[in-house]
K.L.:
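Quick one: structure below, then a few questions.
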2 protein chains.
Amino acid sequence: MVRGMSTDRLEPDPTRLAAWEAFVFAHAAVVGRIERELAGDPDLVPLAWYDVLTALSEAPGERLRLSELAREVVLSRSGLTRLVDRLEAAGLLRREACPDDGRGTLAVLTPAGEAALRRTWPAYARGIVAHFARHLDDDEARVLSAALGRIRDAAREP
Amino acid sequence: MVRGMSTDRLEPDPTRLAAWEAFVFAHAAVVGRIERELAGDPDLVPLAWYDVLTALSEAPGERLRLSELAREVVLSRSGLTRLVDRLEAAGLLRREACPDDGRGTLAVLTPAGEAALRRTWPAYARGIVAHFARHLDDDEARVLSAALGRIRDAAREP
DNA sequence: GTTATATTGTTGCTCTTGCAACTACCAGGA
DNA sequence: TCCTGGTAGTTGCAAGAGCAACAATATAAC
């Protein structure tokens with residue numbers, strides 16, 4: 001697993017607890033800020049929409065099963081249903097029946113969805129740089145990417 | 001500011017972008033898991049309550065102005081008003097008039113609030129270890145604490 | 001002292017989310 | 001084949017959070 005601590009401790013040591021607290025509140029503060037910045041321009045989509053559209057744009061055929069999408073953006077299935085409702089109503093994606101599974105539904109990115117993605121990216125990127133990336137040196141960036149990626153993958157498992 | 005990048009870039013480099021994406025989804029996955037674990041036991045308080053109670057327990061006199069508390073837990077003032085309503089209704093804190101400012105209100109931790117904190121900590125600590133701390137070696141823990149602390153402090157400023 | 005400006009906390013409203021229950025569908029076993 | 005268990009997606013419901021607007025109080029300018 002990981003060196004430097006016994007893996008069956010019941011409490012985090014002070015350094016890891018400080019990391020956890022910084023993690024939680026940094027997330028709230030930074031995401032809140034970026035969200036408000038995006039909300040200031042009616043042409044830009046909110047972060048939750050952006051996450052869904054990005055996941056679709058990176059998927060083969062720009063389409064994904066709803067259950068897959070829910071795992072991808074870390075949302076409950078019911079939450080994802082409503083989110084996809086809103087995106088579909090806005091024309092940024094469309095639902096399509098899954099050919100090989102009668103239960104399934106695919107979300108498919110539309111040209112309007114791609115356009116929304118491209119339109120939102122510059123402001124989003126500025127927010128990431130100004131409130132997050134700007135404060136990291138190269139070593140820290142690598143460590144965060146590796147460590148948080150590992151944590152995310154573990155927490156996403158069933 | 002920080003070495004290793006020019007500070008006026010409009011987009012994050014790939015490493016920092018990967019760090020950002022891991023940061024966002026790791027938070028959603030880990031906090032969601034811990035929240036569900038706590039919700040499984042009716043004697044434990046949810047994370048938002050825990051954050052408020054901790055902030056109070058660490059403040060001098062175990063009391064804090066509501067505006068200070070809102071900054072501390074990164075919540076809007078209206079959001080904090082309702083949250084404090086719920087905590088007060090549950091008897092975990094009480095409101096008190098601020099002696100030196102007629103506009104102000106203090107939130108004061110009650111014994112029941114301290115008890116809730118102590119009761120919730122073990123399960124919360126287990127969640128932090130199992131889903132977060134367990135995946136960090138000592139170096140990573142130090143880097144996360146420092147870097148995310150810096151990011152949090154910057155994003156909390158007005 | 002009076003007036004103008006800013007801050008504190010609360011409320012109305014709306015949006016978003018999760019859980020539990022439900023339907024529709026798939027897969028495996030008798 | 002039929003039946004049983006499991007999965008996919010949707011819905012009713014309730015809880016939580018933010019914005020804008022408001023009343024009360026404080027602070028500064030004059």
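Here is the naming used below: chain letters follow the sequence lines, and residue numbers restart at 1 for every chain.
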K.L.:
With a 4.0 Å heavy-atom cut-off, tell me which residues in residues 64-85 of chain A come close to DNA chain D, sorted by residue number.
P.N.:
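Listed by number, they are A/Arg65, A/Leu66, A/Ser67, A/Arg77, A/Ser78, A/Thr81, A/Arg82.
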K.L.:
Looking at B/Arg150 and B/Asp153, is any side-chain nitrogen of the basic one under 4.0 Å from a carboxylate oxygen of the acidic one?
P.N.:
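A salt bridge is absent here (no side-chain N lies under 4.0 Å from a carboxylate O).
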K.L.:
Which atom names give the shortest non-hydrogen contact between A/Leu80 and A/Leu66, and what distance separates them?
P.N.:
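Minimum heavy-atom contact is CD2-O, 3.0 Å.
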K.L.:
Extract, from 5' to 3' on DNA chain D, the first and final nucleotides lying under 4.0 angstrom from some heavy atom of chain B.
P.N.:
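With heavy atoms of chain B under 4.0 Å away, the range is D/dG16 to D/dA26.
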K.L.:
Quiz question: by atom type and distance under 3.5 Å, do the side chains of B/Glu140 and B/His135 form a donor-acceptor pair?
P.N.:
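Their side chains do not contain a donor-acceptor pair, so the 3.5 Å distance test is not met.
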K.L.:
One thing to verify: whether A/Arg142 and A/Asp139 come together as a salt bridge, which I'm taking to mean a side-chain N less than 4.0 angstrom from a carboxylate O.
P.N.:
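Salt bridge present between A/Asp139 and A/Arg142.
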K.L.:
Between B/Arg94 and B/Glu88 (salt bridge meaning N to carboxylate O under 4.0 Å), is one present in this structure?
P.N.:
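No salt bridge links B/Arg94 with B/Glu88.
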K.L.:
For DNA chain D, whose closest nucleotide is more 5', that of A/Arg36 or that of A/Arg103?
P.N.:
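The residue whose closest nucleotide sits nearer the 5' end is A/Arg103.
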K.L.:
Taking all atoms of both residues into account, what is the closest heavy-atom pair of B/Ala97 and B/Leu106, and its distance?
P.N.:
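Minimum heavy-atom contact is O-CD1, 4.1 Å.
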K.L.:
Using whole Å, report how far CZ of B/Arg95 lies from P of C/dT8.
P.N.:
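For the pair B/Arg95 CZ and C/dT8 P, the rounded distance is 16 Å.
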K.L.:
Between B/Glu35 and B/Arg33, does any side-chain N to carboxylate O distance fall below 4.0 Å?
P.N.:
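Result for this pair is no, no salt bridge flagged.
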K.L.:
Please find the pair of heavy atoms, one from A/Gly91 and one from A/Thr110, that lie closest to each other, and give the distance.
P.N.:
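Minimum heavy-atom separation between A/Gly91 and A/Thr110: O-OG1, 2.6 Å.
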K.L.:
Salt bridge or not between A/Arg82 and A/Asp85? Use side-chain N to carboxylate O under 4.0 Å.
P.N.:
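So A/Arg82 does not pair with A/Asp85 through a salt bridge.
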K.L.:
Using the side chain to side chain contact (heavy atoms under 4.5 Å, CB included) rule, take B/Thr105 and B/Cys98 through it: C-alpha gap first, then chi angles, then the decisive distance, then the call.
P.N.:
CA-CA 5 Å; B/Thr105 304; B/Cys98 189; over 6 Å; no
K.L.:
I need the CG-C1' distance between B/Asp101 and C/dA6, as an integer number of Å.
P.N.:
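The answer, rounded to whole Å, is 12 Å.
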K.L.:
Would you tabulate the pairs of protein nitrogen or oxygen atoms and nucleotide nitrogen or oxygen atoms of nucleotides 14-16 of chain C closer than 3.5 angstrom?
P.N.:
from	atom 1	to	atom 2	distance (Å)
C/dT16	OP2	A/Arg86	NE	3.4

